[in-house]
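Everything below concerns the one structure shown next.
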Amino acid sequence: MISQFFVLSQRGDNIVFRDYRGDVQKGTAEIFFRKVKFWKEDGQEEAPPVFNVDGVNYFHVKIVGLLFVATTRVNVSPSLVLELLQRIARVIKDYLGILNEDSIRKNFVLVYELLDEVMDFGYVQTTSTEMLKSYVFNEPIVVDATHLSPLGPAGLFMQGTKRMPGTAVTKSVVANEPGGRRREEIFVDIIEKISITFSSSGYILTSEIDGTIQMKSYLTGNPEIRLALNEDLSIGRDYRSSFGSGAVVLDDCNFHESVRLDNFDVDRTLTLVPPDGEFPVMNYRMTQEFKPPFRINALIEEAGALKAEVILKVYAEFPSSITANTIAVQMPLPKYTMRASFELEPGAVGQTTDFKQANKRLEWNLKKIVGGSEHTLRARLTFSQESHGNITKESGPVSMTFTIPMYNSSKLQVKYLQIAKKSGTYNPYRWVRYVTLSNSYVARM
Amino acid sequence: MSGHDSKYFSTTKKGEIPELKEELNSQYKDKRKDAVKKVIAAMTVGKDVSSLFTDVVNCMQTENLELKKLVYLYLINYAKSQPDLAILAVNTFVKDSQDPNPLIRALAVRTMGCIRVDKITEYLCDPLQRCLKDDDPYVRKTAAICVAKLYDINAELVEDRGFLEALKDLISDNNPMVVANAVAALAEIQENSNRPIFEITSHTLSKLLTALNECTEWGQVFILDALSKYKAPDPREAENIVERVTPRLQHANCAVVLSAVKMILQQMELITSTDVVRNLCKKMAPPLVTLLSAEPEIQYVALRNINLIVQRRPTILAHEIKVFFCKYNDPIYVKMEKLEIMIKLASDRNIDQVLLEFKEYATEVDVDFVRKAVRAIGRCAIKLERAAERCISVLLELIKIKVNYVVQEAIIVIKDIFRRYPNTYESIIATLCESLDTLDEPEAKASMIWIIGEYAERIDNADELLESFLESFPEEPAQVQLQLLTATVKLFLKKPTEGPQQMIQVVLNNATVETDNPDLRDRAYIYWRLLSTDPEAAKDVVLAEKPVISDDSNQIDPTLLDELLANIATLSSVYHKPPEAFVTRVKTATQRTEDDEYPEGSDAGYSESSSHVADGATSPSSSSAHVPSAAAKQPAPPQAASPPAAAVPDLLGDLIGLDNSAIVPVDQPATPTGPPLPILLPASTGQGLQISAQMIRRDGQVFYSLLFENNSQVALDGFMIQFNKNTFGLAAAGPLQVPLLQPGTSAGTLLPMVLFQNMSQGPPSSLLQVAVKNNQQPVWYFNDKISMHVLFTEDGRMERASFLETWRSLPDSNEVSKDFPGVVLSNVEATLEQLAASNMFFIARRKHANQDVFYFSVKIPQGIPFLIELTTVIGQPGVKCAIKTPNPDMSPLFFESVETLLKP
C-alpha cells in the first residue's frame with residue numbers, strides 16, 4: 001500500500017510530507033522531483049504519472065500547479081492511488097475553500113490531521129468530506145480570496161480539469177461565514193468539455209462530449225435531493241437516434257456512490273443525500289452528433305516569393321443570447337516563418353494577435369464572441385527560405401480554446417432540483433449552471 | 001483563533017530549540033499547543049527537533065484531541081530514534097485505549113501500531129485485543145489495520161496471540177468499513193506469508209460480495225482485488241460472480257471500475273458460453289472508454305491496461321478505435337500509448353481512417369511522437385498486407401516533406417516493409433536514394449545500406465552509393481559498419497566486377513585489420529573465408545532467402561501476457577512486467593538475483609517501443625547472420641577436433657601417476673542398491689571379470705556406481721580406473737576403492753566424480769570411455785554413456801519471472817525441439833515428483849486446446865540453464881519437448897536424458 005504522501009510546490013519545495021509505513025527511505029521527494037524535472041535530458045518531455053526508481057514506485061498528479069505524490073514498494077492499484085491523489089486535493093479544497101500553496105502552508109496542521117484520517121498504514125480510509133468532519137477538529141484558516149472572481153451564477157467556473165473545476169465556490173465547507181450563520185445554498189453545475197476534430201474540408205472527423213454534473217452543497221441537515229434529467233435520455237449506443245430528433249443519447253455514464261437510481265430507469269430522476277463538499281453526481285460521455293459551437297475555416301496560401309497569407313475565420317454557431325468568452329485560436333506556422341503581420345476586421349474590439357517566434361505559432365485571442373457572429377483574422381507571413389512546396393502540410397492544425405457559459409452542446413438538462421424539507425418556509429438558494437469548455441478543439445489544414 | 005499556521009515556519013532565529021522547550025513547558029494550554037505546532041512545523045521541513053522529545057511527550061496527557069493528535073504525530077516520527085524515551089508514552093497509550101471516547105481509543109491503537117519500537121509493541125497486544133472487539137466500528141476498523149501493522153513488526157506475535165483469527169472474524173462484521181479493512185489487512189498479511197492465511201472460500205466470497213454493495217468506494221477496491229484471486233469452481237459460479245460485480249462498472253471511481261474489469265476478465269476465462277462472453281465484452285467496452293475521459297494520469301493507467309486487454313480480447317474495443325485518436329492537448333505519455341493501441345486495433349476496415357491520423361501526427365511538433373507515428377505506419381504495413389501499399393504511399397508523401405527525422409524514420413520502417421514483402425515495392429528505392437545525403441542517424445543509415453545491398457542488382461549505381469559510405473568507414477558506428485560489410489559482400493556476389501572487387505578488399509581490410517570490434521572482425525573473417533574457399537557457397541549463404549518477418553514488436557509473450565492479465569489494475573499492468581520484477585519488499589520469497597532489478601523506471605514510459613523494431617528479427621543486421629555461430633568464433637583455421645573414438649591409445653598415459661587431489665571426502669562406499677547396473681564389460685570379454693557401472697547422482701554429488709564380479713579363477717586386486725577426455729570433463733575424484741576380489745565374489749563401490757577435469761573438444765557427446773586395470777589382468781576398456789540428468793543440479797529451480805526473463809533473453813535460434821513418440825504422460829503428479837527428484841523443476845502448466853503444456857527448468861554445473869517446454873495430451877503417446885538454452889549444442893544429450901526420465 002501507500003508508503004508516503006507528499007505535496008511539492010512547482011519549485012520542488014516540500015509543502016506536506018507524511019510517511020505512513022516507513023519502508024521507503026527519506027529522500028524520495030528530492031529523487032522524485034529530479035526525475036520528473038529531467039525526465040528527458042532536454043527537460044522537454046513530461047514524465048508519465050507512474051514510474052519506478054530503485055524499487056520505489058512514484059505516482060503523481062498535477063493540481064493547480066502543485067505536485068501531489070505518493071510512493072509505494074508494492075504492486076498496488078495505480079488507478080486507486082491516482083484517484084486518491086485527486087481526492088485528497090479535493091478534500092483539502094473542501095476544507096480550505098481554496099487550494100494553493102499558501103492555503104496549505106497556512107493550514108498545515110489541519111492538513112496533517114486530514115491525512116491521518118484519510119489513510120492509515122497506507123490504506124485509504126475515507127475521502128468523504130462529510131465523514132471526515134466527525135474526526136477532524138482543526139478549524140481552517142481561510143485565506144484571502146478577494147483576488148478571485150466573486151460568486152455568481154454564470155461565467156465563473158472555467159479553469160481546471162474536469163474533476164477539479166474551479167467552481168468559483170471558494171467557501172470552505174466547514175468554516176463558518178464571517179456573519180456567523182451559513183447561507184443555505186446548493187450548486188449544481190453541468191460542465192461539458194467538448195472535443196472535435198474537423199477535417200481540412202470542414203467535416204467532423206471525431207466529436208465527443210465529456211460531461212459532469214457536479215454538486216456542492218451547503219445545506220444543513222443533509223436533506224434528500226431529487227434531480228430530474230431529460231425524460232427521453234437514453235444510454236448506450238444501441239439507442240443511437242438520428243441527429244435532430246432531440247433525444248439525448250449518452251454512450252456511457254457513471255454515478256457517485258451516494259446516488260440512488262431507483263427511479264432512473266422510469267423517469268430519469270436521481271435521488272441522493274449530498275455529502276458535504278464538491279463531488280460529481282454523474283459523469284457522462286456522448287459521441288452522438290451534436291452541433292459544434294464553433295466552425296473554423298483556415299487557409300494558408302503562398303503570396304509571392306518568401307511570402308504567404310493566412311486567413312482564419314471563426315463562426316459562432318450558437319444563439320445570439322449566448323456569449324462565449326476567453327477564446328484563443330492557435331495555429332503552428334511553417335518552421336521557416338520569420339515575421340507575421342496581422343490585420344483584424346475593422347472595428348474589432350477585445351482582440352489581440354501575436355506571433356510566437358520561439359515555437360513559430362500564431363495566436364489570436366478574443367475576449368468574447370456573441371452567438372451568430374463571425375470573425376476573421378488575416379496574417380501576412382515572411383519566410384526565411386523557399387518552402388518545399390506544400391506549406392499547408394507544414395502548418396496547422398488550428399486549435400481553439402473557449403468557455404461558453406449557460407450553454408451545453410449535449411442538450412442534457414437538469415429539469416428540476418427538488419430539496420426535501422419539512423418546513424414550508426425553507427427555501428435555500430439553488431444554482432443550476434451550465435458551461436461548455438473546449439477540450440481538444442481542432443481543425444486540420 | 002491562533003492566526004495563520006504559517007507563522008510557525010518563520011521562527012528560524014538562534015536559540016529556537018531552547019525557546020520551544022520553554023514554551024512546551026508553559027503552564028498555559030494554548031501556549032503549549034502553539035509550541036507543539038511549531039515543533040511539528042519544524043519537523044515537516046526536515047529540522048531535527050528530536051531533542052524536544054520529553055517535553056513534547058509531556059503534553060500528551062490532555063483531553064484536547066487536537067493537541068493529542070499533534071503529539072502522536074511527533075511520536076511516530078521520533079520514537080524510533082528515541083526508543084527509551086518512547087516508553088514514557090506507553091502508560092498514556094494504554095490508558096487512552098480504554099478511554100470512553102471511541103476516537104481516543106482508536107487514536108491510541110492507531111498510533112501505537114505506527115511506533116515500531118519493540119518495547120511498545122509488547123504493550124500493544126492487550127489494547128489491540130480489546131479494540132478488535134470494541135463496540136464502536138471506528139475502533140474496530142482501526143484495530144483491523146493495526147493487526148497488519150503488528151504483523152509487519154512481529155509476525156509471530158500476531159499468530160501467537162490469535163489476532164489472525166480475530167481478523168478473520170471481522171470479515172463477518174456488520175460494518176462494511178470494518179470488513180474492508182479486515183480484507184485489506186488479511187490480503188497484506190497473506191502477501192507476506194508462505195502459509196495459507198486468507199483463502200477465499202465460496203462462503204467468504206458470498207459474504208464479501210454482499211459487503212461490496214455497502215462499502216465505500218475504496219473498500220470496494222480492496223474487496224474486488226482480494227476476490228480476484230478466487231477461482232470459481234465451475235462456469236455457473238463464474239457467471240454468478242460476474243453478474244454481481246458488473247454493476248461496479250458504473251462507478252465514478254476509476255479504481256473501482258478497473259478492479260471490476262479485472263475481476264470480470266478473470267472469471268470470463270472460466271465461462272464457456274460464448275454468448276455470455278460476448279455480452280460481457282459488450283458491457284465492458286463503454287466503461288473502459290469512459291476511463292479515457294478522466295484525468296490524463298488515469299488515462300495513462302487505463303491505456304496501459306487496455307493495451308493488455310486488447311491483446312487477449314481484441315473484439316472488446318474493435319469498434320472503438322476513434323476514441324484512441326490523439327487529442328492535441330493530450331500529454332505526450334498519453335499520445336504514445338494511444339498510438340500503440342491504434343496499431344493494435346488497426347484492421348482492413350479502419351486502416352484508411354487510421355492512416356489519415358498517423359499522417360497528421362507525423363507533421364506535429366514533438367519529435368518523439370512524430371517518429372513513433374511514422375513507425376506506426378510501417379508497422380501497419382507489416383501487419384495488414386492489403387493496406388501495405390497505402391501505407392507506403394503515405395510514407396513516401398512524408399519523405400517528400402523532407403523533414404530530416406521523418407525521412408530517417410521512414411527509411412527504417414521501409415526496410416522492414418521490404419523484409420516483409422520481398423520483391424514487391426522496390427520501385428520506390430529511387431525515391432529513397434534521393435535522401436541518402438541527409439541521413440545522419442546510425443539506424444537510418446544502416447537501413448538504407450541494407451536496402452542498397454539487398455537490391456544491388458536493381459540499383460544501377462549501387463556501387464557508387466556504397467562507395468560513398470566507404471570513405472568514412474572507420475568513423476561509422478558499429479551498426480553501420482556491419483551493414484556496410486554485408487552490403488558490400490552482397491554487391492560483390494551480385495555484381496562480381498572490378499569496382500565491387502576493389503571495394504570488398506577495402507572493406508575486408510578495414511573490418512579485419514583496422515578494427516577492434518570483435519563482432520565486425522568475426523563477420524568479416526567469415527565472409528573472407530567463404531569468398532576465398534567457395535564463392536558459390538558464399539552466394540547460397542549470404543544471398544539466401546530470408547524468413548518473412550511479422551510485426552511482433554511490443555507483442556507480449558503469451559505466458560507473460562497471462563500473468564499480466566491476472567495483474568490488471570496493478571502496477572504490474574502499467575509497467576508490463578511481472579510483479580517480481582519490481583517489487584522488492586517481498587520477504588518470503590527466496591532472494592532474488594540482482595539481474596532482474598528494475599531498470600531506472602524508464603520502461604514505465606514508452607522509450608522501449610521506439611528502439612524495439614530494429615532490435616528484433618526485422619533488423620537487417622541479423623539478415624546476414626546465417627552463418628552458424630559456433631564457426632564464427634575463431635578467425636584462425638579451426639582446430640579440427642579429434643573424434644573422441646580415436647583417442648584410446650594414450651588413455652593410460654598418466655594412469656599410474658594419478659594425482660587427482662580428492663576434492664570430495666569419500667564416504668564409506670555403500671553397496672549400491674536398486675535396479676541392477678548395466679553390464680559394460682561382460683565376463684566373456686573380461687577374462688572372467690564382469691564390470692557393471694552407471695553414473696548416478698546422490699546428495700548433490702555425481703558418483704560412478706560400479707559393481708565388480710570376479711568369475712575368473714584368480715583373486716584380483718590393485719584396481720585402478722581412468723576416464724578419457726569427455727564432453728563434461730568427468731574424472732574420478734579419488735582412487736577406486738575395491739578390496740581384494742576372491743574368485744566368485746563381487747564388490748560394489750561408489751566412486752565420487754568431479755567435473756571439468758579433462759574436457760574434450762569438439763561437438764558434445766555422451767560417450768564416456770573408461771579404462772580399468774588390476775594387477776592380474778590387462779587393461780580393460782569399455783564405453784559408457786553419460787546420462788546428462790545426473791549433472792542436473794539441485795539449484796535448478798527458477799522463479800517464474802526469471803524463467804520468463806531468461807526465455808525471452810535467449811534468441812529463438814537457441815530453441816530446439818524433439819518429439820518423443822513413444823512416451824506417455826499419464827500420472828502427472830507422479831511424473832512431476834519424479835522429475836523434481838531428478839532436479840528437473842516444474843515451473844508452470846497451461847492448457848492449450850486439448851494439450852497440456854508444462855514448463856521446467858534445469859541447471860547443469862557452471863549455472864548453464866535449460867528451459868524446457870513439454871507438450872502432450874495426457875494419457876496419449878507422444879510428447880513434444882522444446883528446450884531453450886545458451887548451449888543448444890548440448891541439446892541432443894539433453895533430449896536423451898529427458899526421454900529417459902520420462903520413461904517409467
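Throughout, a chain's letter reflects where its sequence line sits, starting with A, and its residues are numbered from 1. Reckoned from all heavy atoms, side chains included, excluding hydrogens, waters and symmetry mates.
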Nearest heavy-atom approach of A:Ser440 to B:Tyr328 is OG-N, 3.1 Å

Turns out that what part of A:Asn359 lies under 4.5 Å from chain B's heavy atoms comes down to neither

Salt bridge check: are B:Lys69 and A:Glu117 linked by an N-O gap of less than 4.0 Å?
-> yes

When rounded to the nearest 0.5 Å, the distance separating OG of A:Ser79 from CG of B:Leu291 is 8.0 Å

When the 4.5 angstrom heavy-atom criterion is applied to A:Val442 and chain B, the contacting part is side chain

### From CA spacing to verdict: side-chain contact (heavy atoms from CB on, under 4.5 Å), A:Arg361, B:Val365
CA-CA 11 Å; A:Arg361 206 165 59 192; B:Val365 205; over 6 Å; no

When the aromatic ring centroids of A:Phe51 and B:Tyr575 are compared, is their separation below 6.0 Å?
no

Applying a strict 4.5 Å limit to non-hydrogen atoms, the region of B:Val403 in contact with chain A is neither

Turns out that what part of B:Ser573 lies under 4.5 Å from chain A's heavy atoms comes down to neither

Side chains of B:Trp218 and A:Thr126: any donor to acceptor distance under 3.5 Å? no

Q.
Under the criterion salt bridge (charged side-chain N to carboxylate O under 4.0 Å, His left out), I'd like the reasoning laid out for B:Lys335 against A:Glu46: C-alpha separation, chi angles, the key distance, then a yes or no.
A. CA-CA 11 Å; B:Lys335 284 186 178 175; A:Glu46 228 176 310; over 6 Å; no

So, the part of B:Ala148 with a heavy atom under 4.5 Å from chain A: the answer is both

Distance col, row A:Ser134:OG vs B:Leu103:CG, nearest 0.5 angstrom, shows 8.0 Å

Turns out that what part of B:Asn64 lies under 4.5 Å from chain A's heavy atoms comes down to neither

Worksheet item: Would you say A:Asn57 and B:Phe582 make side-chain contact, with heavy atoms under 4.5 Å?
Response: yes

Residue from B:Thr363, B:Leu73, B:Thr290 scoring the most non-hydrogen pairs under 4.5 Å with chain A is B:Thr290

Residues passing the side-chain contact (heavy atoms from CB on, under 4.5 Å) test with B:Asp225, sequence neighbours excluded, are A:Ser77, B:Val221, B:Ser259, B:Lys262

Greatest number of non-hydrogen atom pairs under 4.5 angstrom with chain A, of B:Glu297, B:Gln353, B:Gln250, falls to B:Glu297

| Would A:Phe59 and B:Val574 satisfy side-chain contact (heavy atoms from CB on, under 4.5 Å), going step by step from the backbone distance to the final call? | CA-CA 12 Å; A:Phe59 302 80; B:Val574 172; over 6 Å; no

The interface call for A:Tyr20 against chain B, heavy-atom contacts under 4.5 Å, is neither

Of B:Met43, B:Lys80, B:Glu397, B:Glu357, the largest count of non-hydrogen pairs under 4.5 angstrom with chain A goes to B:Glu357

Under a 4.5 Å cut-off applied to non-hydrogen side-chain atoms, are B:Arg110 and A:Asp116 in contact?
-> yes

- Task: Show your reasoning for whether side-chain hydrogen bond (donor to acceptor under 3.5 Å, both in side chains) applies to A:Gln125 and B:Asn181.
- Result: CA-CA 8 Å; A:Gln125 299 300 298; B:Asn181 274 3; 2.7 Å; yes

In this structure, CD1 of B:Ile145 is separated from CZ of A:Phe121 (nearest 0.5 Å) by 8.0 Å

In this structure, CD of A:Glu208 is separated from OG of B:Ser293 (nearest 0.5 Å) by 5.0 Å

Counting heavy-atom pairs under 4.5 Å with chain A, the top scorer among B:Glu364, B:Lys149, B:Lys322 is B:Lys149

Residues passing the salt bridge (Lys or Arg N to Asp or Glu O under 4.0 Å) test with A:Glu30, sequence neighbours excluded, are none

Pair count under 4.5 Å, heavy atoms only, with chain B: among A:Val76, A:Thr206, A:Val56, A:Asn14, highest is A:Val76

Tightest non-hydrogen contact, residues B:Tyr333 and A:Pro48, listed as CD2-CA, 3.7 Å

If you apply the rule side-chain contact (heavy atoms from CB on, under 4.5 Å), what do you find for A:Phe255 with B:His251, and how did you get there? CA-CA 6 Å; A:Phe255 304 93; B:His251 206 288; over 6 Å; no

Max heavy-atom pairs within cutoff under 4.5 Å with chain A, candidates B:Met177, B:Lys327, B:Gln220, goes to B:Lys327

- Would you check if the side chain of A:Arg285 reaches a backbone N or O of B:Leu292 as a donor-acceptor pair within less than 3.5 Å? no

_Salt bridge present between B:Glu295 and A:Lys62 (N-O < 4.0 angstrom)_ = no

Quiz item: Donor-acceptor pair, A:Glu83 side chain versus B:Cys254 backbone, under 3.5 Å?
Solution: yes

Q. Step by step, would you call A:Lys393 with B:Glu360 a salt bridge (charged side-chain N to carboxylate O under 4.0 Å, His left out)?
A. CA-CA 9 Å; A:Lys393 278 223 172 64; B:Glu360 200 64 37; over 6 Å; no

query: Below 4.0 angstrom, N of the basic side chain to O of the carboxylate: do B:Lys141 and A:Asp120 qualify?
result: no

Which of B:Leu258, B:Val301, B:Ile298 passes side-chain contact (heavy atoms from CB on, under 4.5 Å) with A:Pro78? It is B:Val301

Check your understanding: Taking the six-membered ring for Trp, are A:Tyr135 and B:Tyr138 parallel (under 30°), tilted (30 to 60°) or perpendicular (over 60°)?
Key -> parallel

- Task: Go through the steps to decide whether A:Val109 and B:Ile40 satisfy the test side-chain contact (heavy atoms from CB on, under 4.5 Å), and finish with yes or no.
- Result: CA-CA 8 Å; A:Val109 176; B:Ile40 301 281; 5.6 Å; no

Ranked by heavy-atom pairs below 4.5 Å to chain B, first place among A:Leu84, A:Asp19, A:Thr197 goes to A:Leu84

For B:Pro286 and A:Asp251, the nearest pair of non-hydrogen atoms, with its separation, is CB-O, 4.1 Å

>> Donor-acceptor pair, distance only, cut-off 3.5 Å: does the side chain of A:Asn75 make one with the backbone of B:Thr570?
In response: no

- Query: Is B:Lys402 paired with A:Glu394 through a side-chain N to carboxylate O contact shorter than 4.0 Å?
  - Reply: no

Here the gap from A:Asn254 atom CG to B:Asn253 atom CG, rounded to the nearest 0.5 Å, amounts to 9.5 Å

With a 4.0 Å cut-off, would you call A:Arg87 and B:Glu217 a salt bridge? yes

The reported gap from CD in B:Glu66 to CG in A:Leu110 (rounded to nearest 0.5 angstrom) is 9.0 Å

